[in-house]
**Q** 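Have a look at this one.
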Amino acid sequence: MAGELTVAIGGLGAIGAHLARALDQGVEGLRLVAVAAGDQEKAKRTLAGFRAMPALVSLPELAERADIVVEAAPAAVFEQIAEAAIARGRIFVPSSVGALLPRMHLVVRARESGARIVVPTGALLGLDAVRAAAEGEVASVTIQTRKPPRGLEGAPYLVENGIDVLSIATPTLVFKGNAFDAARGFPANVNVAAALALAGIGPERTMVEIWGDPGVTRNTHTIKVEAAAARLTMTIENVPSEENPRTGKITPLSILACLRGLTSTLKVGS
Ligand SMILES: NC(=O)C1=CN([C@@H]2O[C@H](COP(=O)(O)OP(=O)(O)OC[C@H]3O[C@@H](n4cnc5c(N)ncnc54)[C@H](OP(=O)(O)O)[C@@H]3O)[C@@H](O)[C@H]2O)C=CC1
Ligand SMILES: O=C([O-])CC(=O)C(=O)O
């Protein structure tokens, strides 16, 4: 089809499998052509029954196959997907946005290769308003994240500081600092803070609080922005996905909406 963009997805977990299924159901202007996964047998089971079977390839090979490369894998393999996609001049859509913060050289490389890096709003909200505010003067940006303790389990910061998050009985502040350190300490938990930092005033000035809260069932993020043009206060309460409680169910939906925006004639929101 003329004007159609092909899509490859790295990772078939809570985000990737949902996105792959949605694309296979048919999205105008987009065609899923390749996926990569860790466990090949599990991936074949996920793909069984697809209307158009995508190729099952290695992470770096995704970039050989499609115009758009979506990264939906653990942060540890981010580079394998990102580097190849950017070197080939593709549209690279990262989920593990926290992994982009210490690798901003990829943006320089993308400029040279003609690639684009399109960060979806993901599990967050309001990045359109944050971007608009950041075209003017912004005094402060903060994000408070509250998760059920099991949604924080295994984060390197908690392990390093001997914090047993599963034994938390009352709402507990487990981290306070900037988005750069939050992304390093919680690579699988606060990609939202990284996306907020990139939309607004950068990872050094974006302040993050992470709470383990046994009283919440949803991954809850509250953003506050104090800017010359407006004051923003926004909260999103995400239903954790069955496959991965760290990941809100809205995330693959947000990425799908982002992909639609790459091809649609009518695009709403900046
Ligand atoms: N931007 C945002 O707002 C959000 C971002 N995220 C981030 O998105 C990323 C994906 O999240 P999610 O889908 O929940 O993660 P999952 O753990 O559910 O899925 C990860 C997938 O990556 C695959 N994978 C692991 N290692 C490899 C490898 N070496 N080669 C190929 N595939 C591999 C896994 O395969 P297998 O199971 O077979 O091992 C699995 O299919 C994470 O980094 C997460 O932190 C999450 C939520 C919100
Ligand atoms: O930011 C993340 O990595 C995931 C998250 O909090 C959510 O899905 O609500």
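Predicted model only: the values in this text are computed from it and were never measured. Just so you know, ligand 1 is whichever comes first in the structure, and atom 1 is the first atom listed for that ligand.
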**Q** With a 4.0 Å heavy-atom cut-off (strictly under), which part of V77 contacts ligand 1: side chain, backbone, both or neither?
**A**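 Just the side chain.
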**Q** Report yes if some heavy atom in the side chain of I91 is under 4.5 Å from a heavy atom in the side chain of V69; otherwise report no.
**A**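 A side-chain contact under 4.5 Å is absent here.
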**Q** Under 3.5 Å between any N/O of T247 and any N/O of ligand 1: does that happen in this structure?
**A**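 Yes, since at least one N or O of T247 sits under 3.5 Å from an N or O of ligand 1.
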**Q** A188 heavy atoms, cut-off 4.0 Å: which ligand 1 atoms fall inside?
**A**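 Listed by number with element, the hits are 45 (O).
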**Q** Could you tell me, atom by atom, which parts of ligand 1 come under 4.0 Å of a heavy atom of N244?
**A**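 It comes down to these atoms of ligand 1: 12 (P), 14 (O), 15 (O), 16 (P), 17 (O), 18 (O).
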**Q** Compute the shortest N/O to N/O distance between R246 and ligand 1 and return yes if it is under 3.5 Å, no if not.
**A**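 There is no such contact.
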**Q** May I ask you to identify, for V190, whether its side chain, its backbone, both or neither come under 4.0 Å of ligand 2 on a heavy-atom basis?
**A**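 Within the 4.0 Å criterion, V190 contacts ligand 2 through backbone atoms alone.
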**Q** Keeping N178 on the side-chain end and F180 on the backbone end, is there a donor-acceptor pair under 3.5 Å?
**A**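 Present.
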**Q** Nearest to atom 5 (C) of ligand 1, what protein heavy atom do you find, and at what distance?
**A**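 So the nearest neighbour among protein heavy atoms is S95 O, 3.1 Å.
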**Q** Are the side chains of T142 and E209 in touch, meaning some heavy atoms are under 4.5 Å apart?
**A**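 T142 vs E209: side chains apart.
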**Q** Hey, does L256 have a side-chain heavy atom less than 4.5 Å from the side chain of H18?
**A**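 No, too far: nothing below the 4.5 Å cut-off.
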**Q** Should the heavy atoms of other residues, nucleotides or ligands under 6.0 Å from CD of E243 be counted, would the total exceed 12?
**A**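 Counting other residues, nucleotides and ligands, CD of E243 exceeds 12 neighbours.
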**Q** For residues L12 and L47, determine if any side-chain heavy atom of one lies less than 4.5 Å from a side-chain heavy atom of the other.
**A**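 Side chain of L12 against side chain of L47, heavy atoms only: contact under 4.5 Å found.
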**Q** Considering only heavy atoms of A75, which atoms of ligand 1 have at least one such atom less than 4.0 Å away?
**A**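 Those qualifying, in numeric order: 43 (O).
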**Q** Take atom CD of E135 as the centre, draw a 6.0 Å sphere, and report whether it contains more than 12 heavy atoms from other residues, nucleotides or ligands.
**A**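 At most 12 heavy atoms, drawn from other residues, nucleotides or ligands, come within 6.0 Å of this atom.
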**Q** Please report whether ligand 1 has a polar contact with N189, defined as an N or O pair separated by less than 3.5 Å (distance criterion only).
**A**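 In this structure, N189 places no N or O atom under 3.5 Å from an N or O of ligand 1.
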**Q** Under 3.5 Å between any N/O of V192 and any N/O of ligand 2: does that happen in this structure?
**A**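 Yes, V192 has an N/O under 3.5 Å of an N/O on ligand 2.
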**Q** For I15, which part has a heavy atom under 4.0 Å from ligand 1: side chain, backbone, both, or neither?
**A**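 Under 4.0 Å from ligand 1, I15 contributes backbone and side-chain atoms.
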**Q** So, is S96 polar-close to ligand 1, with some N/O to N/O distance under 3.5 Å?
**A**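 Such a contact does occur with ligand 1.
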**Q** Does CZ in R103 sit with more than 12 non-hydrogen atoms of other residues, nucleotides or ligands closer than 6.0 Å?
**A**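 Result for CZ/R103: enclosed.
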**Q** Checking contacts here: is it the side chain or the backbone of A72 that comes within 4.0 Å of ligand 1, counting heavy atoms only? Could be both or neither.
**A**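 The part of A72 near ligand 1 is the backbone, not the side chain.
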**Q** Which residue owns the protein heavy atom closest to atom 40 (C) of ligand 1, what's the atom, and how far is it?
**A**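 Checking every protein heavy atom, the shortest distance to atom 40 (C) of ligand 1 gives G13 N, 3.7 Å.
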**Q** With atoms numbered from 1 as shown, which atoms in ligand 2 lie under 4.0 angstrom from a non-hydrogen atom of H221?
**A**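 Listed by number with element: 5 (C), 6 (O), 7 (C), 9 (O).
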**Q** Quick check on contacts: which atoms of ligand 2 are under 4.0 angstrom from a heavy atom of R246?
**A**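 By the 4.0 Å cutoff, the relevant atoms are 4 (C), 5 (C), 7 (C), 8 (O).
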**Q** I need the atoms of ligand 2 closer than 4.0 Å to a non-hydrogen atom of T247, numbered in the order shown.
**A**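 Close to T247: 8 (O).
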**Q** Which atoms of ligand 2 sit under 4.0 Å from any heavy atom of K147?
**A**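 Those atoms are 4 (C), 5 (C), 6 (O).
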**Q** Could you find the nearest protein heavy atom to atom 3 (O) of ligand 2 and give me its residue, atom name and distance?
**A**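 The closest one turns out to be N191 ND2, 2.8 Å.
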**Q** Pick one of side chain, backbone, both or neither for how L124 approaches ligand 1, counting any non-hydrogen atom pair under 4.0 Å.
**A**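 No part of L124 comes within reach of ligand 1.
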**Q** Suppose we measure from atom 41 (O) of ligand 1 to each protein heavy atom; which comes out shortest, and what is that distance?
**A**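 So the nearest neighbour among protein heavy atoms is L12 N, 2.9 Å.
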**Q** Keeping N238 on the side-chain end and K249 on the backbone end, is there a donor-acceptor pair under 3.5 Å?
**A**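 No, the answer is negative, given that no donor and acceptor are paired below the 3.5 Å cut-off.
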**Q** Would a distance-only check, ignoring hydrogens and angles, find a side-chain to backbone donor-acceptor pair under 3.5 Å from S241 to T247?
**A**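 Side chain of S241 to backbone of T247, a donor-acceptor pair under 3.5 Å: yes, one is there.
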**Q** I'd like to know if the side chain of S113 reaches the main chain of A87, judged simply by a donor and an acceptor atom lying under 3.5 Å from each other, with no hydrogens or angles considered.
**A**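 Flag not set: sc S113 to bb A87 has no pair under 3.5 Å.
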**Q** Can you list the ligand 1 atoms lying under 4.0 Å from a non-hydrogen atom of G122?
**A**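 Near G122, meaning under 4.0 Å from one of its heavy atoms, ligand 1 has 3 (O).
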**Q** Could you check which of T251, L19, V192 puts a non-hydrogen atom nearest to atom 4 (C) of ligand 1?
**A**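 It is T251 whose heavy atom sits nearest to atom 4 (C) of ligand 1.
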**Q** Between the main-chain N or O of A66 and the side-chain N or O of R90, is there a donor-acceptor pair closer than 3.5 Å?
**A**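 A pair under 3.5 Å: yes.
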**Q** Report the part of N189 in contact with ligand 2, treating N, CA, C, O as backbone and CB onward as side chain, heavy atoms under 4.0 Å; options are side chain, backbone, both, neither.
**A**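 The answer is the backbone of N189.
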**Q** For R116, I'd like to know if atom CZ has over 12 heavy atoms of other residues, nucleotides or ligands within 6.0 Å.
**A**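 Atom CZ in R116 is not crowded, with 12 or fewer foreign heavy atoms closer than 6.0 Å.
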**Q** If you have a sec, work out which protein heavy atom is nearest atom 7 (C) of ligand 2 and how many Å separate them, to one decimal?
**A**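 Closest protein heavy atom to atom 7 (C) of ligand 2: A123 CB, 3.3 Å.
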**Q** What protein heavy atom sits nearest atom 18 (O) of ligand 1, and how far away is it?
**A**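 Nearest neighbour among protein heavy atoms for atom 18 (O) of ligand 1, to 0.1 Å: A14 N, 2.9 Å.
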**Q** What residue and atom, counting heavy atoms only, is the protein's closest point to atom 22 (O) of ligand 1, and at what distance?
**A**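 Protein heavy atom with the smallest distance to atom 22 (O) of ligand 1: P74 CD, 3.3 Å.
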**Q** Are V174 and F186 packed together at the side-chain level, in the sense that at least one heavy-atom pair is separated by less than 4.5 angstrom?
**A**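 Side chain of V174 against side chain of F186, heavy atoms only: contact under 4.5 Å found.
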**Q** Got a donor-acceptor contact below 3.5 angstrom from the S254 side chain to the I250 backbone?
**A**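 The answer is no, because no donor-acceptor pair under 3.5 Å joins these two groups.
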**Q** When you measure from the side chain of D24 to the backbone N and O of R51, does any donor-acceptor pair fall under 3.5 Å?
**A**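 At least one qualifying donor-acceptor pair exists.
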**Q** Tell me if a side-chain donor or acceptor on T6 pairs with a main-chain N or O of D67 at a distance below 3.5 Å.
**A**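 Yes, the answer is positive, given that a donor and an acceptor are paired below the 3.5 Å cut-off.
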**Q** Would you call R21 and T46 a side-chain contact if the rule is heavy atoms closer than 4.5 Å?
**A**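 Yes, close enough: below the 4.5 Å cut-off.
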**Q** Give the residue, atom name and distance (to 0.1 Å) of the protein heavy atom nearest atom 33 (C) of ligand 1.
**A**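 Ranking protein heavy atoms by distance from atom 33 (C) of ligand 1, first comes G38 N, 3.4 Å.
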**Q** In ligand 2, which numbered atoms sit nearer than 4.0 Å to a non-hydrogen atom of G248?
**A**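 Within the 4.0 Å cut-off of G248, ligand 2 contributes 7 (C), 8 (O).
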**Q** Is it true that the side chains of S96 and E71 contain a donor and an acceptor less than 3.5 Å apart?
**A**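 There is such a pair between these side chains.
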**Q** Give the numbers and elements of all ligand 1 atoms closer than 4.0 Å to a heavy atom of V97.
**A**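 It comes down to these atoms of ligand 1: 1 (N).
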**Q** Check ligand 1 against G11 and write out every atom of the ligand that is under 4.0 Å from a heavy-atom position of the residue.
**A**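 Selected atoms, number and element: 21 (C), 22 (O), 23 (C), 41 (O).
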**Q** When you look for heavy atoms under 4.0 Å from ligand 1, do you find them on the side chain of K42, its backbone, both, or neither?
**A**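 Side chain only.
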**Q** Tell me whether D39 has any N or O atom under 3.5 angstrom from an N or O of ligand 1.
**A**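 Yes, since at least one N or O of D39 sits under 3.5 Å from an N or O of ligand 1.
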**Q** What residue and atom, counting heavy atoms only, is the protein's closest point to atom 30 (N) of ligand 1, and at what distance?
**A**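 Atom 30 (N) of ligand 1 sits closest to the protein heavy atom L59 CD1, 3.4 Å.
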**Q** Which of the listed options, G248, A183, A73, holds the heavy atom that is closest to atom 42 (C) of ligand 1?
**A**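 The nearest heavy atom belongs to A73.
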**Q** Nearest protein heavy atom to atom 45 (O) of ligand 1, by residue and atom, and its distance?
**A**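 Result: N191 ND2, 2.8 Å.
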**Q** What about A123: any of its N or O atoms under 3.5 Å from an N or O on ligand 1?
**A**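 By distance alone, the answer is yes.
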**Q** Can you find a pair of side-chain heavy atoms, one from W211 and one from V216, that are under 4.5 Å apart?
**A**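 In short, these two side chains do not touch, never coming nearer than 4.5 Å.
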